[in-house]
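The block underneath contains the structure these notes are about, expressed in structure tokens.
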Number of protein chains: 2
Amino acid sequence: MPLRQADVLQGAMELLDEDGLDELTTRRLAQRLGVRAGALYWHYPSKAALLDALADRIIGEMLTQPPADGQDWPDRLRDLATRARTTMLAHRDGARLLASFTAPPPNALAFFGSLTDTLRSAGADDRAAHLGADVVTSFVNGYTLEEQARQAAVLPLEQRDATFRLELDIVIAGIRVQLLG
Amino acid sequence: MPLRQADVLQGAMELLDEDGLDELTTRRLAQRLGVRAGALYWHYPSKAALLDALADRIIGEMLTQPPADGQDWPDRLRDLATRARTTMLAHRDGARLLASFTAPPPNALAFFGSLTDTLRSAGADDRAAHLGADVVTSFVNGYTLEEQARQAAVLPLEQRDATFRLELDIVIAGIRVQLLG
DNA sequence: ACCTGAACACCGTTCAAGT
DNA sequence: ACCTGAACACCGTTCAAGT
């Protein structure tokens with residue numbers, strides 16, 4: 001039976017997890033799927049489009065669990081930020097892939113929206129909610145990119161978890177003081 | 001006269017600024033320098049090593065001006081963070097290049113050291129100084145990477161400057177509350 | 001509708017050989 | 001000491017032609 005777009009995406013995900021972003025070439029992906037490289041261009045217009053779709057699928061994994069209720073806004077921000085980091089770490093080169101998309105795909109907007117919603121429900125206006133969501137996003141992406149590229153091989157996970165938590169609490173404390181004072 | 005390592009690095013810098021990281025190939029660089037691609041391997045053992053050296057040269061630009069005296073620690077942090085962002089923005093794909101080195105080169109360690117020094121002089125112990133420097137670094141890198149990849153083309157600089165400043169002040173307020181309280 | 005075959009215009013890297 | 005020439009093993013992409 002012929003390949004479908006979902007099969008191509010699934011194969012790309014597996015190849016990423018097994019061999020990393022640098023080994024995720026159109027030729028190696030085609031070989032794994034049992035076709036020639038040119039065939040991929042029937043399903044996606046370019047490799048960049050395929051990587052965008054892959055990034056969006058990974059971001060989608062951050063959105064699966066519904067928010068626990070009874071969380072106050074700092075717990076909710078911690079939950080979202082932790083989920084973002086954990087999901088990126090769960091895929092080889094995840095942070096680097098997510099830094100590479102051209103325009104923010106749908107799930108990226110949805111995830112950002114859950115950050116701004118959290119802050120608005122805590123009393124922030126639109127501008128403050130956007131600033132707070134943005135500073136959390138920049139911090140988590142910058143931290144995880146560095147962590148996955150250079151620290152994951154040398155520091156144990158519990159230690160990195162603890163450091164992330166402490167630095168995240170610095171950002172959240174800053175949001176409280178500057179935006180929700 | 002023959003090429004020297006510094007000439008290769010200079011050519012790489014110019015090619016980066018003119019055409020961007022994706023166009024900075026060994027073959028195009030060699031052509032600009034009037035040699036064949038293989039000749040570069042006499043000066044650098046690999047393209048990765050050349051990019052590391054280029055990243056370190058750019059980070060070095062953040063360290064040129066001595067610290068203004070009479071600054072308190074928040075002003076000094078703001079100065080360092082702003083200098084980091086400005087320097088990355090001054091080179092095409094600067095943030096992406098600086099996210100790509102394998103091990104932190106000398107100037108990266110020196111820059112991080114000036115952040116920790118600032119926090120220690122404000123009364124932080126070693127652990128707190130490290131956490132504070134790290135959260136600033138992660139935020140600035142994450143922010144500028146996103147900015148240079150997707151916002152620089154669509155938002156005016158003054159607006160991006162203002163947003164960066166506001167978000168940086170969130171991080172600094174968090175450091176004050178969590179680490180220097 | 002989906003894919004092959006074959007090509008095009010590239011990459012980074014190596015290394016004997018030249019000067 | 002520094003570089004050429006030529007090769008090796010790759011890339012992403014296009015597209016007529018096949019089924």
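We name chains A, B, ... by the order of the sequence lines, and we start the count at 1 in each one.
- Taking atom CG of B/Asp22 as the reference point, atom P of C/dG12 lies 11 Å away to the nearest angstrom.
- When each of D/dT4, C/dT13, C/dG5 is scored by its nearest atom to the side-chain atoms of B/Arg27, the top-ranked nucleotide is C/dT13.
- Rounded to a whole Å, the OH atom of A/Tyr41 is 18 Å from the C1' atom of D/dA16.
- When each of A/Gly38 and A/Arg28 is assigned the nucleotide of DNA chain D bearing its nearest heavy atom, the one mapping closer to the 5' terminus is A/Arg28.
- Nearest to the side chain of A/Ala39, among C/dT4, D/dG12, C/dG12, sits C/dT4.
- Separating the P atom of D/dA9 from that of C/dC10 is a span of 22 Å, rounded to the nearest Å.
- Base pairing annotation: D/dA1 forms a Watson-Crick or G-U wobble pair with C/dT19, both donor-acceptor distances under 3.5 Å.
- Among C/dT13, C/dC2, D/dA1, the nucleotide with an atom closest to any side-chain atom of B/Lys47 is C/dT13.
- The interatomic distance linking A/Leu40 (CG) with D/dT14 (P) rounds to 12 Å, in whole Å.
- When Watson-Crick and G-U wobble pairs are counted only if both distances are under 3.5 Å, D/dA6 pairs with C/dT14.
- Within the 4.5 Å cutoff, no side-chain heavy atoms of A/Leu98 are placed close to those of A/Asn141.
- Of the candidates C/dC11, D/dT4, C/dC3, the closest approach to any side-chain atom of B/Val35 belongs to D/dT4.
- A donor-acceptor contact shorter than 3.5 Å is absent between the side chain of B/Asn107 and the backbone of B/Ile59.
- Within 6.0 Å of the CD atom in B/Gln31, the count of heavy atoms belonging to other residues, nucleotides or ligands does not exceed 12.
- OP1 or OP2 of D/dA1 has not a single side-chain nitrogen or oxygen of B/His43 nearer than 4.0 Å.
- Taking atom CH2 on A/Trp42 and atom P on D/dT14, their separation rounds to 16 Å, with Å as the unit.
- Rounded to whole Å, the distance from CG on A/Leu21 to P on D/dG12 is 11 Å.
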Decide yes or no on salt bridge (charged side-chain N to carboxylate O under 4.0 Å, His left out) for B/Asp22 and B/Arg96, but give the supporting numbers first.
-> CA-CA 11 Å; B/Asp22 293 335; B/Arg96 189 152 64 94; 3.4 Å; yes
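- In this entry the distance linking CD of B/Gln31 with C1' of D/dC3 reads 16 Å, nearest Å.
- If you measure from atom CD of B/Glu23 to atom P of C/dC11, you get 8 Å, rounded to the nearest angstrom.
- Dashed line: the shortest gap from a side-chain N or O of B/Arg36 to OP1 or OP2 of D/dC3 is not under 4.0 Å.
- Atom CG of A/Leu33 and atom P of C/dC2 are 14 Å apart (whole Å).
- Side-chain contact of B/Gln65 with B/Arg83: a donor-acceptor pair under 3.5 Å is present, judged by distance alone.
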